[in-house]
J.: 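Take this structure, written in structure tokens, and hold onto it; I'll ask about it next.
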Amino acid sequence: FCNPTGSFSNRGGLFASSSAVFTDGVKGVSSQYVQAATFSDLNSATASTMEVWFKVDNTKPMDQAGVINPLGTNRMQITISSNPVSASGNYRLGFEWENGGTEIWNAGKVQDWDDTQWHHAAMTCDDTDGYKLYFDGKLEASGAALGNSAGSTVVANPTVMVGGQSDYGEINRAFAGTIARASIWDTALSAAQIRKMMFEDFDAATTPNCVLWWQFDEGEGGTVVDRSGQGNTGTLSGSATNATWANGGTWTAGNTISS
């Protein structure tokens with residue numbers, strides 16, 4: 001179970017110096033998101049992990065909103081949907097994984113929740129061992145290998161997106177809420193590694209296979225530093241109004257989670 005305690009910041013993030021970014025969930029040309037326009041670090045990978053800390057804006061409906069999307073399309077992502085998708089509240093965690101011909105997906109794999117608390121989601125994709133989906137550190141879904149977990153032969157010029165997904169030329173699956181950290185790895189992390197890393201900032205985490213780590217420490221400006229050292233700088237984006245920095249929030253780094 002996840003039991004956050006303490007208070008360390010009024011900047012909206014999860015860790016002592018961190019802030020967070022807000023995306024409004026508006027679909028289409030007005031959508032807000034964070035993007036790394038060029039991302040090639042999974043091109044030769046046979047396994048990967050994506051993880052994200054988020055809290056929903058529970059006043060808005062969502063339909064398979066792409067909360068973290070390493071390739072910019074629906075080939076591989078973690079999604080959030082309201083239930084029903086036409087109304088706010090009762091949110092569900094989902095996922096998609098596709099290799100260009102076969103798709104594994106589920107728009108509502110995790111039990112409903114309707115709160116504005118921080119939640120953690122992670123997904124591993126492995127060409128040998130298959131996929132695993134975690135919610136607040138608990139394994140919620142798993143399945144057989146699909147092949148081509150990196151998607152390099154599926155997506156030309158992949159682009160990381162957090163808070164949305166590019167679908168038919170527009171951001172039609174937009175996330176409404178706050179995102180406080182996102183990372184991508186070129187290996188499938190174990191359950192124990194995920195449960196440990198989810199409460200660590202970059203300086204404390206063991207990250208030799210991390211290829212993107214956005215901690216949103218900046219709190220201002222239009223870019224997000226990639227703490228992994230791979231140079232995958234994020235840009236606060238939006239065709240009408242860019243994603244914005246959030247305020248307020250409490251957390252303590254260094255907690256643990258039970259199995």
Side-chain angles (χ1 to χ4, degrees), residues 11-14 18-36 50-70 72-74 76-96 105-123 133 135-136 159-183 214-216 218-219 222 224 234-251:
R11 299 181 64 195
L14 295 181
S18 70
S19 48
V21 69
F22 174 77
T23 54
D24 62 9
V26 176
K27 297 181 180 180
V29 296
S30 298
S31 182
Q32 298 175 337
Y33 53 95
V34 184
Q35 181 179 42
M50 52 184 153
E51 64 91 26
V52 61
W53 275 105
F54 68 93
K55 59 181 176 180
V56 300
D57 178 350
N58 67 349
T59 68
K60 295 183 178 180
M62 283 180 271
D63 183 6
Q64 298 182 63
V67 64
I68 182 169
N69 190 317
T73 71
N74 62 351
M76 184 169 62
Q77 66 172 336
I78 296 174
T79 65
I80 306 293
S81 298
S82 48
N83 181 33
V85 297
S86 59
S88 61
N90 294 319
Y91 295 95
R92 292 179 169 181
L93 193 70
F95 63 90
E96 292 184 87
W105 72 280
N106 195 303
K109 198 64 179 179
V110 174
Q111 71 276 11
D112 292 349
W113 81 92
D114 187 10
D115 59 48
T116 57
Q117 303 301 311
W118 289 110
H119 292 285
H120 184 266
M123 184 176 180
L133 180 72
F135 182 67
D136 287 342
T159 174
V160 176
M161 299 188 71
V162 168
Q165 177 214 130
S166 180
D167 188 17
Y168 303 108
E170 291 187 354
I171 314 302
N172 289 325
R173 296 183 180 180
F175 173 73
T178 309
I179 298 168
R181 191 185 75 202
S183 72
W214 291 345
Q215 197 161 297
F216 302 106
E218 297 77 11
V224 181
T235 301
L236 275 63
S237 303
S239 299
T241 303
N242 290 349
T244 56
W245 294 103
N247 294 308
T250 59
W251 200 269

J.: Ignoring hydrogens and geometry, is there a side-chain-to-backbone donor-acceptor pair from Ser81 to Gln64 under 3.5 Å?
T.: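 Side chain of Ser81 to backbone of Gln64, a donor-acceptor pair under 3.5 Å: yes, one is there.
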J.: Quick one: does Thr178's side chain have a donor or acceptor within less than 3.5 Å of a partner on Val21's backbone?
T.: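 No.
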J.: Mind checking what makes side-chain hydrogen bond (donor to acceptor under 3.5 Å, both in side chains) contact with Asp115, not counting sequence neighbours?
T.: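 Residues passing side-chain hydrogen bond (donor to acceptor under 3.5 Å, both in side chains) with Asp115: His119.
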J.: Of all the heavy-atom pairs spanning Ala176 and Met62, show the shortest one and how long it is.
T.: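 Reported closest heavy-atom pair: N-SD, 3.2 Å.
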J.: Could you go through the side-chain contact (heavy atoms from CB on, under 4.5 Å) check for Met50 and Ile78 one step at a time?
T.: CA-CA 8 Å; Met50 52 184 153; Ile78 296 174; 4.1 Å; yes
J.: Does any part of the side chain of Val67, heavy atoms only, come nearer than 4.5 Å to the side chain of Ile179, both counted from C-beta?
T.: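 When only atoms from C-beta onward are counted, Val67 and Ile179 do touch, with a gap below 4.5 Å.
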J.: Please examine the side chains of Ser82 and Pro61, heavy atoms only from C-beta on, and report whether any two atoms are closer than 4.5 Å.
T.: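 Pro61 reaches Ser82 side chain to side chain.
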J.: What do the steps show when you test Val160 against Trp214 for side-chain contact (heavy atoms from CB on, under 4.5 Å), and what is the final call?
T.: CA-CA 11 Å; Val160 176; Trp214 291 345; 4.0 Å; yes
J.: Just jot down the side-chain contact (heavy atoms from CB on, under 4.5 Å) partners of Ala122, sequence neighbours excluded, or say none.
T.: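 Applying side-chain contact (heavy atoms from CB on, under 4.5 Å) to Ala122 gives Glu51, His120, Tyr134, Ile194.
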J.: Any idea which heavy atoms bring Val34 and Val224 closest together, and the distance?
T.: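 In terms of heavy atoms, the two residues are closest at CG1-CG2, 4.3 Å.
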J.: Tell me, with the steps shown, if Thr79 and Leu93 meet side-chain contact (heavy atoms from CB on, under 4.5 Å).
T.: CA-CA 6 Å; Thr79 65; Leu93 193 70; over 6 Å; no
J.: When you compare the side chains of Gln35 and Thr235, does any donor N or O come within less than 3.5 Å of an acceptor on the partner?
T.: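 There is no such pair between these side chains.
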J.: Is there a side-chain contact between Phe175 and Tyr33 (heavy atoms, below 4.5 Å)?
T.: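 They are not in side-chain contact.
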J.: Between OG of Ser183 and CD1 of Ile68, what distance do you get to the nearest 0.5 Å?
T.: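 If I round to the nearest 0.5 Å, the distance is 6.5 Å.
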J.: Given side chains that start at C-beta, do those of Asp114 and Tyr91 come closer than 4.5 Å, heavy atoms only?
T.: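 Asp114 vs Tyr91: side chains touch.
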J.: Looking only at heavy atoms, what is the nearest atom pair of Arg181 and Gln215, with distance?
T.: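 Where Arg181 meets Gln215 most closely, the heavy atoms are CG-CA, 4.2 Å.
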J.: Any chance you could measure Thr23, atom OG1, to Gln32, atom CD, to the nearest 0.5 Å?
T.: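 Nearest 0.5 Å value for the OG1-CD distance: 7.0 Å.
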J.: Report yes if the side chains of Trp245 and Glu218 come closer than 4.5 Å at any heavy-atom pair, otherwise no.
T.: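 Side-chain contact under 4.5 Å: yes.
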J.: side-chain hydrogen bond (donor to acceptor under 3.5 Å, both in side chains) with Asn83: which residues, sequence neighbours excluded?
T.: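 Asn83 satisfies side-chain hydrogen bond (donor to acceptor under 3.5 Å, both in side chains) with no residue once adjacent residues are dropped.
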J.: Could you tell me if the side chain of Ile80 sits less than 4.5 Å from the side chain of Phe54, heavy atoms only?
T.: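 SC-SC contact between Phe54 and Ile80 confirmed.
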